[in-house]
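Notes to accompany the following structure.
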Amino acid sequence: MAREYRTIQEVAGPLMMVRGVEGVAYDELGEIELESGEKRRCRVLEINGGNALVQLFENSTGINVETSKVRFLGRSMELGVSEDMLSRVFDGLGRPIDDGPEILPEERRDINGLPMNPAARAYPEEFIQTGVSAIDGLNTLVRGQKLPIFSASGLPHAQLAAQIARQAKVVGTKEPFAVVFAAMGITFEESNYFIESFRETGAIDRAVLFMNLANDPAVERIATPRMALTAAEYLAFEKGMHVLVIMTDITNYAEALREISAARKEVPGRRGYPGYMYTDLASLYERAGRQIGRKGSITMIPILTMPEDDKTHPIPDLTGYITEGQIILSRDLYRKGLEPPIDVLPSLSRLKDKGIGEGKTRADHANTMNQLFAAYARGKDAKELMVILGEAALTDIDKLYAKFSDEFEEKYINQGYRTDRSIQETLDIGWELLRILPRSELKRIKDEYLDAYYEKK
């Protein structure tokens, strides 16, 4: 039986001190009962002797320290999981918000799951097709990988996230595929956009959505990605599904972490973020991957907006250390009207070599990818030279590279948010662009592939 305490000492913002508690543990859930009978939830942040510092999930308005009671529940936050979660929309704490019935859980799981044991990890090596050429062709996503998208304020990462969630699939297998989508600190309009986007294409049938809005409490924002990952672990490792977890926006999550850290009067680290932010982010990201001997897998795409477009800001910086690459959205390409505005040159997928080639995508993939990178980089240089010295200063071959650069952006990158390209289409568009250049310039491609694809009109 849970014991009740009427020993609330003080309430300060989202924090409350309860004195004289016994047998209460860190991270334990509690329930506050107001004089009116209204109940609010809280979570233990710190235990110091018989004092418990708890954090409120709702606001503290109306809590009277004299008359309110606190009951500790003897368990940490849990999520009831079941296959019925597919096609449903939940709030940040796992409660249904789509007017559907409550989920009847097959089991209840602590949301603070453990990072995957490195010794139990299987190496990611199977290609996931997102239908987006700039990712599939040049920065390939591999099953079990963590590949973040670095965006910036005002860039269309929401449209790209929704597009990937709708289109992603493991090619050449009939194994079940699911998407777990976690949104943190987003506006009601954005939430509505995501839900409608999933519904209109039917993608919601294989998706689980967790929506935490900007006006929800910060502590709920901390729980949302953990709820999503708990659902993903259940679907992947109990039900054998390939699960793609998309989390947006990690910056809002980190801001909530900072807010709670400041309320606890902890010593701040870089830019006011807590010193343990690296560990905290790693405890999320490292729950993705594949396990030896198990069918399912969790692939993760965290999305974050870089404050002031700064790649060295602590949030993108630490995320870059923990994950296997990054997809970077460019303000310049966005101004040119490219959809999606993915800047392929600074983007990187560290596992792309493992997921491409014969039997996975196509034998010529690695060669064409390298050649496209090289040609695009040279074309960009030629265009910069043209701006400084004028077109007359360019050689004929430089002019061809400059033309290649423009065509590459227009035909390869700029595909819109409604176009779902197969990997074959993406590779064929790459060859079509490479034909702008003379065969003698394509030094990174083997002759056998040039014979097979370059000469073929």
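Worth knowing before you read on, the calculation uses all heavy atoms, side chains too, and leaves out hydrogens, waters and symmetry mates.
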query: Can you list the steps and then say if Val89 with Ile204 is a side chain to side chain contact (heavy atoms under 4.5 Å, CB included)?
result: CA-CA 9 Å; Val89 184; Ile204 193 139; 4.2 Å; yes
message: Determine whether Arg41 and Glu220 satisfy the following criterion, salt bridge (charged side-chain N to carboxylate O under 4.0 Å, His left out), listing intermediate values before the conclusion.
response: CA-CA 11 Å; Arg41 286 159 315 154; Glu220 184 176 314; 5.6 Å; no
- request: Evaluate the criterion side chain to side chain contact (heavy atoms under 4.5 Å, CB included) for residue pair Trp431 and Asp364; output intermediate values, then yes/no.
  value: CA-CA 10 Å; Trp431 276 107; Asp364 60 309; 2.7 Å; yes
message: Before you tell me yes or no, could you show the steps for Gln415 and Glu425 under side chain to side chain contact (heavy atoms under 4.5 Å, CB included), namely the whole-Å CA-CA distance, both residues' side-chain angles and the distance that decides it to 0.1 Å?
response: CA-CA 12 Å; Gln415 67 175 74; Glu425 285 177 74; over 6 Å; no
message: Would Ile327 and Ile301 count as a side chain to side chain contact (heavy atoms under 4.5 Å, CB included) here? Give the steps.
response: CA-CA 10 Å; Ile327 303 293; Ile301 300 183; over 6 Å; no
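Among residues at least two apart or in separate chains, side chain to side chain donor-acceptor pair (under 3.5 Å) pairs with a member in residues 94-103 are Arg88-Asp98, Asp91-Arg95. Listed by first and then second residue, the side chain to side chain donor-acceptor pair (under 3.5 Å) pairs involving residues 349-359 are Gln145-Ser349 (not counting sequence neighbours). Each side chain to side chain donor-acceptor pair (under 3.5 Å) pair with one or both residues in residues 313-325, not counting sequence neighbours, appears once here: Lys146-Glu324, Arg270-Asp317, Tyr285-Thr319.
Within the cation-pi definition used here (under 6.0 Å to the ring centroid, within 45° of the axis), Arg221 does not qualify as a partner of Tyr253.
Looking at Val81 and Glu233, their side chains never come closer than 4.5 Å, going by heavy atoms from C-beta outward. Counting heavy atoms from C-beta outward, Pro156 and Pro341 have side chains that approach closer than 4.5 Å. Using a 4.5 Å cut-off on side-chain heavy atoms (C-beta onward), Leu229 and Leu284 make contact. You'll find the side chain of Met241 stays beyond 4.5 Å of the side chain of Arg206, heavy atoms only. Contact of the Tyr449 side chain with the Gln371 side chain is not registered, since no non-hydrogen atoms from C-beta on lie closer than 4.5 Å. Looking at heavy atoms from C-beta onward, Thr305 lies out of side-chain contact with Ser153 at the 4.5 angstrom threshold. Glu126 has its side chain within reach of Arg290: a pair of non-hydrogen atoms, C-beta onward, lies under 4.5 Å apart. With a 4.5 Å cut-off on side-chain heavy atoms, Glu407 and Glu432 do not count as touching.
Without hydrogens or angle criteria, Glu441 side chain to Pro438 main chain gives no donor-acceptor distance under 3.5 Å. Asp398 places no side-chain N or O within donor-acceptor distance of the main-chain N or O of Ala382, the cut-off being under 3.5 Å. Checking side-chain atoms of Arg226 against main-chain N and O of Gly113 turns up no donor-acceptor pair under 3.5 Å. The backbone N or O of Asp420 sits nowhere less than 3.5 Å from a side-chain atom of Arg166 that would complete a donor-acceptor pair. Without hydrogens or angle criteria, Asn367 side chain to Lys446 main chain gives a donor-acceptor distance under 3.5 Å. Formation of a donor-acceptor pair under 3.5 Å by the Ser347 side chain with backbone atoms of Ile328 is found in this model. Side chain of His157 to main chain of Phe150: no donor-acceptor pair is present (N/O by atom type, distance under 3.5 Å, no hydrogens or angles). With hydrogens and angles disregarded, a donor-acceptor distance shorter than 3.5 Å links the side chain of Arg421 to the backbone of Tyr412. Under a 3.5 Å cut-off, the side chain of Asp216 and the backbone N or O of Leu213 do form a donor-acceptor pair. Side-chain atoms of Asp136 come within 3.5 Å of backbone atoms of Thr130 as a donor-acceptor pair (strictly under, hydrogens ignored).
Checked for salt-bridge contact, Lys383 and Glu409 miss the test: no charged N lies under 4.0 Å from a carboxylate O. At a threshold of 4.0 Å, the pair Asp396-Lys403 does not count as salt-bridged, since none of the basic side-chain nitrogens sits closer than that to a carboxylate oxygen. Using a 4.0 Å cut-off between a side-chain N of Lys or Arg and a carboxylate O of Asp or Glu, Arg362 and Asp428 qualify as a salt bridge. The pair Glu46-Lys265 does not meet the salt-bridge criterion, since no charged nitrogen lies less than 4.0 angstrom from a carboxylate oxygen. The pair Lys295-Glu175 does not count as a salt bridge, with every side-chain nitrogen at least 4.0 angstrom from each carboxylate oxygen.
Under the ring pair (Phe, Tyr, Trp, His ring centres under 6.0 Å) criterion, Phe177 pairs with no residue at all, not counting sequence neighbours. Remark: Asp309 pairs with Arg331 by the salt bridge (charged side-chain N to carboxylate O under 4.0 Å, His left out) rule, at least two apart or across chains. Residues satisfying the salt bridge (charged side-chain N to carboxylate O under 4.0 Å, His left out) test with Lys239, not counting sequence neighbours, are Glu83, Glu106.
With rounding to the nearest 0.5 angstrom, the CD1 atom of Ile303 is 10.5 Å from the OG1 atom of Thr251. To the nearest 0.5 Å, the span separating CE on Met306 from CG on Leu155 amounts to 8.0 Å. One finds the CG atom of Leu427 at 8.0 Å from the OH atom of Tyr453 (value rounded to the nearest 0.5 Å). To the nearest 0.5 Å, the span separating CD1 on Ile250 from CD1 on Ile149 amounts to 11.5 Å. In this structure, Leu138 CG and Ile342 CD1 are separated by 9.5 Å, a value rounded to the nearest 0.5 Å. For the atom pair CG of Leu437 and CZ of Phe404, the computed distance is 6.0 Å after rounding to the nearest 0.5 Å.
Judged purely by distance below 3.5 Å, without hydrogens or angles, the side chains of Ser76 and Arg43 never pair a donor atom with an acceptor atom. Using a 3.5 Å distance cut-off with no hydrogens or angles, the side chains of Tyr193 and Gln159 do not pair a donor with an acceptor. Remark: the Arg143 side chain and the Ser297 side chain contain an N/O donor-acceptor pair separated by less than 3.5 Å. Neither side chain, Ser330 nor Asp332, offers a donor N or O lying under 3.5 Å from an acceptor on the other. Side chains of Glu339 and Tyr334: a donor-acceptor N/O pair is absent below 3.5 angstrom, by distance only.
Enclosure of atom NZ in Lys311 is not indicated, since only 12 or fewer non-hydrogen atoms of other residues, nucleotides or ligands lie within 6.0 angstrom. The number of heavy atoms from other shown groups lying within 6.0 Å of CD (Glu107) is above 12. No more than 12 heavy atoms of other residues, nucleotides or ligands shown are found within 6.0 angstrom of CZ on Phe188. Counting non-hydrogen atoms of neighbouring residues, nucleotides and ligands closer than 6.0 angstrom, the CD atom of Glu308 reaches no more than 12 such neighbours.
In this structure, Ser261 and Pro274 approach most closely via the heavy-atom pair OG-CB, 3.6 Å. Listed here is the closest heavy atom pair of Leu86 and Ala178: CD2-CB, 4.0 Å.
Under the side-chain contact (heavy atoms from CB on, under 4.5 Å) rule, Phe90 has a single partner from Val208, Leu79, Ile97, which is Val208.
With ring centers used as reference points, Phe198 lies under 6.0 Å from Phe181.
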